Amino acid sequence: MAKPSLAVWKFASCDGCQLSLLDLEDELLAVADGIDIAHFPEATTAHRGGPYDVSLVEGSITTPADLTRIQEIRAQSGMLVAIGACATTGGIQALRNLADIDEFVRVVYARPAYIQTLATSTAIADHVKVDLELAGCPINKYQLLEVVQALLVGRKPTLPTYSVCVECKERGTSCVMVADGVACLGPITRAGCGAICPAFARGCYGCFGPSESPNVDSLAAWWDELGVARPDLVRALRTFNVNAPQFKEASTRYAQE
Amino acid sequence: MHKNDTRRSFNVTELTRVEGEGALDVIVEGDEIIELKFRIFESPRFFEALLRGRRFDEVTDITARICGICPVAYQTSSANAIEDALGIQVGEPIRDLRRMLYFGEWIESHGLHVYLLHAPDFLGYHGGVELAQDSPDLVKRGLRLKRVGNRLMEVIGGREIHPINPRVGGFWKAIAKRDLDEMVPDLEWALEAALATVDWVSGFSYPDLEPDYEFVALHDPDEYAIIGGRIRSNRGIDIPVHEWGDVFEEDHIEWSNALVARIKGRGSYHVGPLARFNLNFEQLHPLARASAERHGLTPPVLNPFKTIMVRSVEMVHAAATCLDLIGRYESLGAPYAEAPLRESVGYGASEAPRGLLYHRYALDEEGLVTDAQIVPPTSQNQLQIEADLRQLLSGILDLDDDTIQHQLEQSIRNYDPCISCATHFLTLNLERR
Amino acid sequence: MKRAILAPTDLDNLIAVLSERGFEVLGPTLDSGVVTLSSIDSTADLPEGIRDEMSPGRYYIKATSDGELFGYAVGPTSLKPTLFPSRRQVWTTENTDQGIIFRSSVPDLRPVAVIGARPCDAAAMAVQDEALLGGPYIDTDYARRRRDLFLVVVNCTRPASTCFCASMGTGPAVSEGFDIALTELKLDTRHFFVAESGSERGQEVLDQLGLDPADPDDEELVRVALEVAADSMERTLDPVDAYSVLRAQPEHPYWETIVERCLTCANCTMVCPTCFCVTTEPVTSLGDESAGEERRWDSCFSLDYSFMGGSPVRETVESRYRQWLTHKLSTWFDQFGTSGCVGCGRCITWCPVGIDLTEEVRHLREQIDA
Amino acid sequence: MLDFAALPTVDPMLPRPFRVVRVLRETSDVTTLTFEPADGLATIAFGPAQMGMVGLPGLGEVPISFSSDPADPSQLAMTIRRAGAITSALVDLSAGDSVSMRGPYGTEWPMEAAEGHHLLIVAGGLGLAPLRSAIVTALRRADRYRSISLVYGRREVSEVVFADDLAAWEANPAMSMHLTLDRADPDWSGPIGLVTSRMDAALLDPASTTAMVCGPDVMMHAVGADLTQRGVARGKIWLTMERNMKCGVGLCGHCQFGPLFICKDGPVLNWATAGPFYLIAEV
Ligand SMILES: Cc1cc2nc3c(=O)[nH]c(=O)nc-3n(C[C@H](O)[C@H](O)[C@H](O)COP(=O)(O)OP(=O)(O)OC[C@H]3O[C@@H](n4cnc5c(N)ncnc54)[C@H](O)[C@@H]3O)c2cc1C
Ligand code: SF4
Ligand code: SF4
Ligand code: SF4
């Protein structure tokens with residue numbers, strides 16, 4: 001059986017999610033043994049043309065050129081996996097969706113006319129069919145490995161959609177919200193990171209995006225009781241997954257209150 | 001035969017083995033280089049704009065996301081700047097922990113670059129994975145080095161990409177001495193491996209190229225500067241970080257989504273391992289210095305291709321220094337320092353794996369950011385990269401196109417440019433339109 | 001059973017004796033602001049003078065100088081993680097000439113002794129015993145850990161406001177399932193424990209410590225202290241009434257009110273010492289061809305839990321909360337002849353938004369009566 | 001105190017290796033696989049309607065009813081429909097492939113208790129799989145039942161499974177067959193309608209009928225209600241149910257249906273026990 005071919009693509013992003021592949025130090029060579037890395041510019045100058053069995057797509061759609069490139073990638077890919085918060089919800093750069101893009105350009109660039117950009121930063125699935133999404137800013141490299149392994153044997157990868165709290169309890173961390181009164185987004189955030197923030201004595205700030213059934217209003221009411229000001233809550237929801245529907249909807253309501 | 005062609009062009013449409021997206025356009029007429037553009041077409045993400053209105057304590061988490069390869073650099077420079085703004089003083093134990101975390105990033109980043117991205121150029125491979133087919137043990141050594149760096153970031157920072165533990169004033173959680181002690185065997189191995197790496201890369205053959213650089217780096221008389229210091233150059237610059245804007249400026253060029261930085265009135269300059277090495281050789285760990293001297297590597301080193309040697313020496317320095325720091329580490333009392341909010345401006349810099357990273361923030365009295373400026377190493381090197389390319393190209397125009405293309409690319413990789421961070425620069429003069 | 005007096009120094013001997021007998025000794029320690037269970041070497045590791053105060057969704061630690069070693073009520077950690085780990089490998093495959101072979105994953109385990117488990121913990125263990133060891137098919141990993149457990153329970157003299165073990169009949173004094181039971185008494189002049197054995201092993205260990213017998217006055221002090229503790233509990237739950245209320249009202253509109261508050265975060269099920277739901281996950285490794293199965297805690301609050309034929313059976317929040325509460329307080333009786341709740345109050349304290357099951361049952365009862 | 005020495009020592013979660021010996025593609029999505037043990041030990045002996053946990057190492061395992069004749073364990077078989085990743089991989093297996101297997105688990109059809117009664121078997125779609133073992137068992141001792149009827153409803157003509165069996169049963173004087181199709185179809189000249197529409201013909205004497213029903217939840221609910229209304233005792237209407245199952249032996253909690261564990265109290269349950277919970281949404 002021929003090895004499945006893999007291509008890695010990048011849109012607006014920090015490169016961290018694709019770096020996760022190279023961060024699999026112990027498994028990288030085995031991965032390279034099992035799959036044919038056909039296009040991965042961050043790692044190799046070798047390049048083989050499509051079609052590809054699997055494409056990993058990092059980053060969000062932010063420029064006019066992106067709009068056509070993502071269509072081309074979709075057309076050459078058997079399975080398209082969107083990796084990371086940028087690719088699955090638009091990432092932190094989707095904060096522009098709430099602002100005036102011209103002003104954003106002016107703030108950063110001396111000659112705005114040189115800059116070609118869209119007014120919004122959007123997820124890959126807003127443009128083409130996505131077969132699988134890996135949440136996280138950044139993704140968890142072991143989830144990426146799980147996807148590769150599952151792919152190779154043809155099973156559904158095990159990717160949790162429940163809340164960070166489950167991982168928090170699994171590792172035996174005491175709840176920072178209950179024990180320390182620290183505002184934590186864990187109860188409405190998707191597991192996957194291993195609940196590292198509470199383990200480091202801070203509240204989760206939501207980098208894996210909304211969990212499968214997030215009750216944002218209930219948590220917001222509790223944050224009120226903890227003394228968190230509403231603008232602070234709004235910003236907490238508007239960070240790495242600002243454009244995720246549940247966070248966007250709730251934060252828009254709170255911002256208007 | 002190429003010699004007499006009237007017009008040739010080389011388009012490296014997609015640069016590989018660099019982080020992010022860049023391209024290079026060159027037009028040559030006869031022996032004359034008509035046009036040479038190092039283009040960065042990475043999509044702009046507008047960090048300086050989106051930071052406005054965020055609270056001071058969110059900045060380290062947000063700026064980390066500028067670059068997945070060197071998040072600690074962004075976290076450190078921005079924490080420095082905000083601590084400067086608020087007048088927060090951090091104690092020695094927090095500084096030590098910060099350095100160890102940062103060294104973790106150096107080892108990870110240098111390990112990745114040396115073994116998987118850069119060495120293949122010298123050995124004729126497409127990349128590290130291809131190299132591994134012939135020399136699995138070598139690549140495994142590189143991966144394990146990288147892993148030690150990552151492990152250090154995980155232990156201190158919570159995870160290797162976008163660590164969650166660093167914050168303004170220090171860390172969320174104090175790291176227990178025993179957790180660091182557990183790193184000792186790994187670091188001892190890494191020290192040996194880094195020494196072996198210096199030996200290995202010293203055997204490569206290096207093209208002759210010795211441009212006349214102005215090197216700029218942080219300098220600290222007591223340590224090989226990484227988390228702070230004064231900005232120095234080999235041509236007389238010696239300023240505190242907050243004077244960056246007096247000496248340097250940023251400009252927006254048409255063909256790039258990155259702003260480029262230059263020394264006012266002088267032009268291009270060079271930041272990164274080579275600059276650090278040449279300016280701070282005396283402060284290197286004795287083991288690192290000895291390993292460099294053993295291979296005749298002493299300042300001034302001007303050959304940009306030799307940065308691979310310098311990176312390897314810096315890995316020796318990082319591992320050896322971490323072992324020393326762990327030896328003297330005592331668990332922190334309070335993991336972070338605080339200070340009352342005030343309307344203020346703060347400046348911060350640190351030495352990212354790729355060179356000087358400068359941040360400036362203005363805060364209002366509620367601690368919200370009103371203005372931000374971030375100048376990453378790649379934008380500071382961009383003009384220098386173009387200058388290097390011109391010089392290199394004029395000397396090799398009689399070679400065939402493929403070789404020229406390869407050498408140009410390799411020359412860019414000397415800088416290990418991290419293009420994804422290079423697109424977030426803000427000009428000093430906000431009024432310019 | 002004869003009772004003995006144990007001085008705080010004897011407690012150090014107890015720890016020493018247990019480790020000499022090959023046990024890894026776990027006890028309460030103050031860690032990251034909560035009293036939890038971890039390895040201890042001596043009484044110096046115990047949370048001396050520490051009190052814990054709880055209310056729905058909040059937990060506070062207070063330091064006192066009274067020197068009591070077990071003056072706290074109940075931390076987030078029950079015996080469950082020790083006996084029923086949150087994640088474990090179940091089996092792995094091996095490819096042989098004869099074909100594939102499945103092997104149970106049996107980890108090397110040191111027998112564990114726990115000092116300072118609470119009566120509700122012992123009661124919860126009995127509930128898990130019934131669920132995991134009571135049928136024709138048993139959890140063999142649990143059985144092994146359980147068999148090797150040496151349990152020293154410390155009775156509760158300072159219950160928290162979230163505790164309601166007295167009404168559930170599980171505390172504040174332990175009645176069975178322990179090897180040694182202690183009651184700590186700190187008077188103005190004396191600090192001592194009254195010890196009682198609950199098994200032959202327990203008696204052997206007590207004998208080895210060479211203790212003085214307790215006199216009737218001391219026994220009376222213990223009786224009073226525990227009675228006062230029982231009377232001081234603010235919360236109550238009537239298990240029999242809860243059984244019928246929940247059984248009769250699966251579709252009461254009341255359930256919809258829970259939707260406003262429940263986060264479906266699963267914390268209550270994770271901290272509950274009796275919840276035993278698990279799921280299995282396949283694992284494969286690159287390189288070698290081996291495969292295996294892992295088991296981890298699951299929760300009736302997750303959507304995957306009831307997934308069937310393309311969608312979850314329990315999609316709405318109210319159906320998931322109802323499943324949890326009904327199982328805990330009602331159908332557990334049908335299945336195992338007891339309540340699934342021992343009144344430890346953990347789910348009340350550790351619910352991030354402070355949902356209190358005793359209140360929910362009370363509201364439901366009131367609504368039905370009205 | 002627990003007597004640990006008296007506890008079973010076998011890990012019920014540890015599967016045994018089995019090998020596929022025969023593959024019968026019933027439809028494009030349904031396959032009947034026949035298995036034999038690959039560890040040299042005795043095969044699994046099961047009762048009608050019992051199930052096994054079958055799987056592929058690294059892929060996971062799923063509950064599937066045994067569909068072969070319980071009297072002949074050497075022909076141990078399952079009939080599997082492609083639903084998701086695991087069942088798809090199973091459906092596509094070939095002879096010689098190995099699987100993991102645990103079982104048998106769960107309750108059986110009350111074949112003996114039903115003796116002396118009219119046996120009414122009601123199947124919807126692939127619900128025929130766990131009923132096949134009941135039918136072959138009943139036919140072997142047909143004289144013990146007053147009658148044996150099969151009501152078999154399908155959505156489409158192409159959905160037919162056990163075509164050979166159906167033909168044989170059709171020809172068997174001991175069986176009375178009532179086939180129906182949910183919707184009109186040019187390839188079908190028989191009756192149209194849900195299984196409940198065939199009850200007038202199939203149900204002979206409600207007072208002495210034992211019904212065995214298997215199909216989708218909605219269909220079982222409708223049949224349970226319908227038969228009760230027609231006078232069949234609740235305790236004589238038997239269903240076999242499905243719920244998510246991870247262990248099959250009452251240790252994982254997933255298959256709860258009210259107070260019942262479908263894996264050990266079921267899958268075969270009577271309407272008196274299960275019926276009330278059917279009425280509760282999302283139970
Ligand atoms: C007692 C019993 C007997 C069964 N007998 C048969 C049979 O004879 N033939 C047959 O084809 N199918 C039968 N099923 C249904 C079969 O178990 C499911 O189709 C199968 O679990 C789907 O798995 P999947 O991974 O392919 O599908 P997916 O839809 O991907 O499901 C993912 C997971 O959800 C769970 N799940 C989904 N659907 C069901 C379901 N209907 N029942 C239980 N768990 C489910 C499983 O854990 C499964 O692995 C039976 C189920 C039960 C409970
Ligand atoms: S700390 Fe946060 S993630 Fe952990 S249990 Fe508490 S609320 Fe959930
Ligand atoms: S706890 Fe939350 S913020 Fe922290 S890493 Fe996990 S998902 Fe991200
Ligand atoms: S239901 Fe709540 S109070 Fe009862 S045993 Fe579980 S956690 Fe304790």
Side-chain angles (χ1 to χ4, degrees), chain C residues 90-91 93 98-104 129 131-133 135-141 143 146-147 176-177 199 247 250-251 275-284 290-293 295 298 300 304-310 313-316 318-320 322-323 326-327 330-331 333-335, chain D residues 1-2 4-5 7-19 38-40 53 55-61 83-86 98-102 105 216-217 242-261 263-265 276-277 279-283:
Chain C
V90 185
W91 48 259
T93 59
Q98 278 75 42
I100 199 161
I101 294 181
F102 298 88
R103 289 195 195 289
S104 276
D129 284 353
L132 302 174
L133 305 177
Y137 299 105
I138 68 159
D139 179 338
T140 47
D141 182 73
R146 181 64 186 81
R147 182 195 62 203
E176 58 183 1
S199 69
R247 190 176 175 98
E251 302 209 282
C275 273
F276 63 89
C277 288
V278 289
T279 190
T280 56
E281 289 170 354
V283 284
T284 44
S290 77
E293 185 173 275
R295 186 193 86 176
D298 201 356
C300 49
D304 251 359
Y305 181 85
S306 66
F307 188 87
M308 187 179 84
V313 171
R314 294 184 207 102
E315 186 134 32
T316 61
E318 61 263 37
S319 72
R320 283 181 270 162
R322 184 187 63 194
Q323 169 62 27
T326 307
H327 185 217
S330 184
T331 51
F333 275 103
D334 300 312
Q335 296 166 351
Chain D
M1 274 272 148
L2 274 167
F4 288 99
L7 290 176
T9 52
V10 182
D11 179 357
M13 296 302 286
L14 186 70
R16 290 175 54 195
F18 273 68
R19 200 171 12 246
D39 56 5
M53 294 294 294
L56 292 161
L59 232 68
E61 47 179 13
I86 302 172
S98 25
V99 298
S100 68
M101 181 89 80
R102 301 188 284 123
Y105 301 131
D217 266 9
E242 287 184 7
R243 276 299 176 267
N244 185 310
M245 275 177 203
K246 290 295 173 192
C247 73
V249 294
L251 295 173
C252 78
H254 284 247
C255 69
Q256 287 177 82
F257 181 68
L260 306 165
F261 283 95
C263 67
K264 56 179 190 186
D265 301 318
F277 301 103
L279 302 174
I280 307 170
E282 299 188 276
V283 71

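All values below come from the heavy atoms of this structure, side chains included, with hydrogens, waters and symmetry mates left out. In what follows, chains carry the letters A, B, and so on, assigned in the order in which the sequence lines appear, proteins first and then strands, with residues in each chain numbered from 1. This one's a predicted model, so the numbers in the text were calculated from it and none came from an experiment.
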- If you round to the nearest 0.5 Å, how far is CG of C/Asp141 from CG of C/Leu132?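 Answer rounded to 0.5 Å: 10.5 Å.
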
- Message: Let me confirm one number: the CG-CD1 distance from D/Asp39 to C/Ile100, rounded to the nearest 0.5 Å.
- Response: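 These two atoms lie 12.0 Å from each other.
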
Pairs of heavy atoms under 4.5 Å with chain C: top-ranked of [options]:
{"options": "D/Arg243, D/Glu242, D/Gln256", "answer": "D/Gln256"}
{"options": "D/Gly40, D/Gly60, D/Ala281", "answer": "D/Ala281"}
{"options": "D/Ser98, D/Gly55, D/Pro15", "answer": "D/Pro15"}
{"options": "D/Pro216, D/Pro57, D/Gly258", "answer": "D/Pro57"}

- Contacting moiety of D/Asp217, where chain C heavy atoms sit under 4.5 Å: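 The side chain, not the backbone.
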
- Task: Below 4.5 Å from any heavy atom of chain C, which atoms of D/Leu56 appear? Answer side chain, backbone, both or neither.
- Result: neither

- Query: Who pairs with C/Ser319 by side chain to side chain donor-acceptor pair (under 3.5 Å), at least two apart in sequence or on another chain?
  - Reply: C/Thr316, D/Glu282

- Message: For C/Thr279 and C/Asp304: C-alpha separation, side-chain torsions, deciding distance, then whether side-chain contact (heavy atoms from CB on, under 4.5 Å) applies.
- Response: CA-CA 9 Å; C/Thr279 190; C/Asp304 251 359; over 6 Å; no

Atom pairs and distances, side-chain donor-acceptor, residues 246-254 of chain D, under 3.5 Å, sequence neighbours left out:
{"from": "D/His254", "atom 1": "ND1", "to": "C/Tyr305", "atom 2": "O", "distance (Å)": "2.9"}
{"from": "D/His254", "atom 1": "NE2", "to": "C/Val278", "atom 2": "O", "distance (Å)": "2.9"}
{"from": "D/His254", "atom 1": "NE2", "to": "C/Asp298", "atom 2": "OD2", "distance (Å)": "3.1"}

- Message: Counting heavy-atom pairs closer than 4.5 Å to chain D, which one of C/Val283, C/Ile101, C/Thr93, C/Leu133 comes out on top?
- Response: C/Leu133

